[in-house]
Novice: 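Before I ask anything, let me first share the structure, which is written out below as structure tokens.
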Amino acid sequence: MTAATDSTLFPRVPDSPDAVLEGLDPEQRAVATALHGPVCVLAGAGTGKTRAITHRIAYGVRAGILTPGEVLAVTFTQRAAGEMRGRLRELGVQGVQARTFHSAALRQLQYFWPRAVGGELPQLVERKAQLVGEAAARCRIRLDCTELRDVTGEIEWAKVTRTVPEDYPAAAAAAGRAAPRDSAETGQVYALYEQLKRERSLIDFEDVLLLTVGILQDRPDIAETVRGQYQHFTVDEYQDVSPLQQRLLELWVGERGGLCVVGDASQTIYSFTGATPDHLLDFRSRHPEATVVKLVRDYRSTPQVVHFANGLLAQARGRAAEHRLELVSQREPGPEPVCAEYADEPGEAEGVARRVRDLIGSGVPASQIAVLYRINAQSAVYEQALADLGVPCRLRGAERFFERPEVREAFVALRGAARAGGNDALLDEAVDLPSQVRAVLGTKGWSPHAPSGSGAVRDRWESLAALVRLAEDFAGARPGAELGDLVAELDERARVQHAPTVEGVTLASLHAAKGLEWDAVFVVGLTDGMLPITHARTEEQTEEERRLLYVGITRARRFLTLSWALARSPGGRAGRQPSRFLAGLRAGSGASAARTGAGAGGSVTGGGRVPAPSGGRGRVRRAPARCRVCGRSLTQPGEVKLMRCEDCPSQLDEVLHERLHRWRARQAALLRQPDYCVFTDKTLLAIAEAVPGDAAELSRISGVRHRKLQQFGADVLALCAGEELPAGADTGADTDTDEEPRQG
């Protein structure tokens, strides 16, 4: 998944230092020209902080004040570091080191280890959780998968807060950690984990920072060598530094003042990893002479979105809230944020998917739409709902763009064509650079029209299509450029991880969405217990949950929808409450909430809009779904669809199941849509197990909505009755292109 960017165009490289400053607002210009002494930039969401600090570095280099090789810019993700390198390159600056904390520390550790310790640097642990599990087993402590992940997280937290195993129980209690196991047991596992690493000459990522700190503290000569190399430091997302990272930064900088930090205390959302905004908030007390600049002009979001975000933070409490920034939108007005309530989670997913489809139909690119949720487990129902409508989507956190097999293959093909030049018959009819690229990538799976639906074929096409668009942009910005020039540009982009935008709706957790932005954002599952999440017990933990929602809201440029479901599954008890963070922000909150579905009056149930009668919520009360084998109440969407527990015996009519599959393939071919747009595999399985005898029984199967019942019901019931459909009589195939895409 690729980060949303302002443009894939290739801007003109500024021809002078002053040209670097063009287009900056007064506050951004103040940042860019503050090149001496400590600098603290307090930058709200969407205010152009990355623009400000990259222009600061570029202006300093272009003006001869900063030497590129003496500048180290650190941030927290490879993507952010790659974006920073890409922007500096566009400003005509090469040679600046832009890295993550771990990457910069590992490079130094590898260089200085033989001199400081001797021998080769120990290997990095490849599977940390596996080693933690072994340590637990040696302690006779049994951990399930969830506990293993959480205990591993506790060990990471202890190390970045510089807490040794014997001090862990007291430190965890003092920090209010919700430990997955007894803290004494976790301390034992932590101690043995460290012992196993020593015995096997292994280090983990936290050790990279710890060992670098240790060498710089113990060897002043090495510390001076590092300080002689780097004279100027820039730290992005400074609100997220841990005590260990802060100590490393102090050792890098020493007594000099060449430090610029940028951050926003209201976007501190990683305290569970040891991050704290205190270093940002205390910066002025540690550096009384520091230049402080506040960026509050929001260029990302409409006034409506900004007003909603400001309103959310206005209710915040705690130290970070005391230093919140009141954003001022610089954009034209847009639509009001929508608060949508649904009867159940599948209904919420279907409603969101329909709204996504409508936005794409209105011209919003799929790559500029995101669905954000609190935990990754919420993604599956949205993947399915989008797939049912044929909307491509991709999960945030997938492999990086330039590491995808199809992209690597495309690079090889383009490089070969560039070397062959006029001797490649494939390019005989290509009149310009974009047509050359289209011809080459056409042999790798690209075509002018996207394949239907989602899946591996669509993912491959989207990757190749991103390269085609990049070639078109490159040719427009560099008239006369040849294929070899484009290959060099792609190689450089791969080196700095400056990827193009790939089409497809983004599905991501709120944490993973940090640093990204989209035209349209759907923040889903906003119920008390999910946001704030149940284990947020203290005020400090609850306030971090509020900040997490703030981060999600401020990802939206124009369209913002916040939604929740009153029950988990169809027919379940509607006992949920909208997130307390929405109180006072959504229409009618307080006494009663706005009962809206995707922006229209009425609540939403089961994917259909039901008008709300006066004085009521307008929800259809259904009996709880129960297993038709054992009678147990069903809660999982997959079980509800099958009407049985996953582990209860199946009563599948295998002959009918095969006939339904063959029939579905014919319908999909006529509709020119993927098979799952007729009915999903699970729906076909449910039909073949239930063998409905009439329309009423068929309609009770989850996935057979009213429209599908009308379109396909007669065929399905005939097949269930053992009848043979007349040859060529595919009565369910409605090829009217104005028809709403079908849901399964």
Side-chain angles (χ1 to χ4, degrees), residues 2-25 28-36 39 41 43 47-101 103-104 107 229-238 252 258-263 293 295 299 400-402 470 473-474 477-478 485 488-501 515-517:
T2 311
T5 56
D6 293 337
S7 173
T8 58
L9 297 176
F10 295 77
R12 177 180 60 86
V13 175
D15 56 11
S16 68
D18 288 341
V20 173
L21 302 178
E22 292 177 2
L24 300 181
D25 68 30
Q28 292 171 342
R29 182 180 287 257
V31 173
T33 55
L35 297 173
H36 301 286
V39 177
V41 183
T47 58
K49 68 176 179 63
T50 305
R51 175 181 174 84
I53 59 176
T54 52
H55 279 69
R56 178 182 184 270
I57 295 171
Y59 176 71
V61 170
R62 298 287 297 274
I65 301 171
L66 305 180
T67 302
E70 295 179 351
V71 178
L72 176 60
V74 290
T75 186
F76 287 84
T77 66
Q78 294 288 358
R79 181 201 61 78
E83 181 182 358
M84 194 176 294
R85 290 191 292 267
R87 293 202 190 192
L88 288 170
R89 190 166 62 92
E90 291 171 353
L91 292 170
V93 174
Q94 303 275 5
V96 170
Q97 295 295 313
R99 298 179 176 275
T100 65
F101 269 100
S103 174
R107 194 179 189 201
Q229 169 68 47
Y230 297 115
Q231 302 289 319
H232 305 277
F233 296 85
T234 298
V235 185
D236 192 14
E237 305 288 3
Y238 191 55
W252 280 342
L259 174 62
C260 173
V261 301
V262 57
V293 182
L295 303 182
Y299 297 95
R400 287 192 270 180
F401 179 82
F402 292 109
L470 191 71
D473 289 346
F474 185 75
R478 307 280 195 274
D485 299 319
E489 171 68 23
L490 291 173
D491 285 339
E492 178 61 18
R493 281 178 167 250
R495 186 182 70 81
V496 300
Q497 287 298 321
H498 186 194
T501 300
L516 305 178
E517 59 186 72

Novice: For Cys260 versus Val41, what's the shortest heavy-atom pair and its separation?
Specialist: SG-CG2, 4.3 Å

Novice: Counting only N and O atoms by type, is there a donor-acceptor contact under 3.5 Å from the side chain of Arg29 to the main-chain atoms of Leu21?
Specialist: yes

Novice: What distance do Leu88 atom CG and Glu83 atom CD have between them, rounded to the nearest 0.5 Å?
Specialist: 10.5 Å

Novice: Rounded at 0.5 Å granularity, tell me how far CZ in Arg478 sits from CD in Glu489.
Specialist: 6.5 Å

Novice: Which pairs with one or both residues in residues 13-23 pass side-chain hydrogen bond (donor to acceptor under 3.5 Å, both in side chains), sequence neighbours excluded?
Specialist: none

Novice: Considering residues at least two apart in sequence or located in another chain, which fulfil the side chain to side chain donor-acceptor pair (under 3.5 Å) criterion with Asp485?
Specialist: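 Checked Asp485 against side chain to side chain donor-acceptor pair (under 3.5 Å); zero matches.
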
Novice: By side chain to side chain donor-acceptor pair (under 3.5 Å), which residues pair with Glu70, not counting sequence neighbours?
Specialist: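 Counting only residues at least two positions away or on another chain, Glu70 forms no side chain to side chain donor-acceptor pair (under 3.5 Å).
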
Novice: Which residues satisfy the ring pair (Phe, Tyr, Trp, His ring centres under 6.0 Å) test with Tyr230, sequence neighbours excluded?
Specialist: none

Novice: Going by the side-chain contact (heavy atoms from CB on, under 4.5 Å) test, name the single residue among Val74, Val71, Val261, Leu72 that passes it with Phe233.
Specialist: Leu72

Novice: When you measure from the side chain of Gln28 to the backbone of Leu295, do you find a donor-acceptor pair of N or O atoms at a distance under 3.5 Å?
Specialist: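 Pair absent, no side-chain N/O of Gln28 close to backbone of Leu295.
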
Novice: Would you check if His36 and Ile65 make a side-chain contact, meaning some heavy-atom pair closer than 4.5 Å?
Specialist: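 Heavy-atom side-chain distance check passes, below 4.5 Å.
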
Novice: Can you tell me how far apart CZ (Arg85) and CD (Gln94) are? Round to the nearest 0.5 Å.
Specialist: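 CD of Gln94 is found 11.5 Å from CZ of Arg85.
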
Novice: Using the side chain to side chain donor-acceptor pair (under 3.5 Å) criterion, which residues pair with Glu237? Sequence neighbours excluded.
Specialist: Lys49, Gln239, Lys514

Novice: Test of understanding: with side chain to side chain donor-acceptor pair (under 3.5 Å), list the residues that count as partners of Gln229, not counting sequence neighbours.
Specialist: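 Partners of Gln229 under the side chain to side chain donor-acceptor pair (under 3.5 Å) test: none.
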
Novice: Which pairs would a plain distance check flag for residues 54-62, meaning a side-chain donor or acceptor within less than 3.5 Å of a matching protein atom at least two apart in sequence or in another chain?
Specialist:
unit_1: Thr54; atom_1: OG1; unit_2: Thr50; atom_2: O; d: 2.7
unit_1: Thr54; atom_1: OG1; unit_2: Arg51; atom_2: O; d: 3.2
unit_1: His55; atom_1: ND1; unit_2: Arg51; atom_2: O; d: 2.8
unit_1: Arg56; atom_1: NE; unit_2: Ala34; atom_2: O; d: 2.8
unit_1: Arg56; atom_1: NH2; unit_2: Ala34; atom_2: O; d: 2.9
unit_1: Arg62; atom_1: NH1; unit_2: Pro14; atom_2: O; d: 3.1
unit_1: Arg62; atom_1: NH1; unit_2: Leu91; atom_2: O; d: 2.8
unit_1: Arg62; atom_1: NH2; unit_2: Pro14; atom_2: O; d: 2.6

Novice: Kindly state each residue pair satisfying ring-ring contact (aromatic ring centres under 6.0 Å, His included) with at least one member in residues 63-88, sequence neighbours excluded.
Specialist: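 Passing the test, one end in residues 63-88: Phe76-Phe101.
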
Novice: Distance from Ile53 atom CD1 to Met84 atom CE, nearest 0.5 Å?
Specialist: 4.0 Å

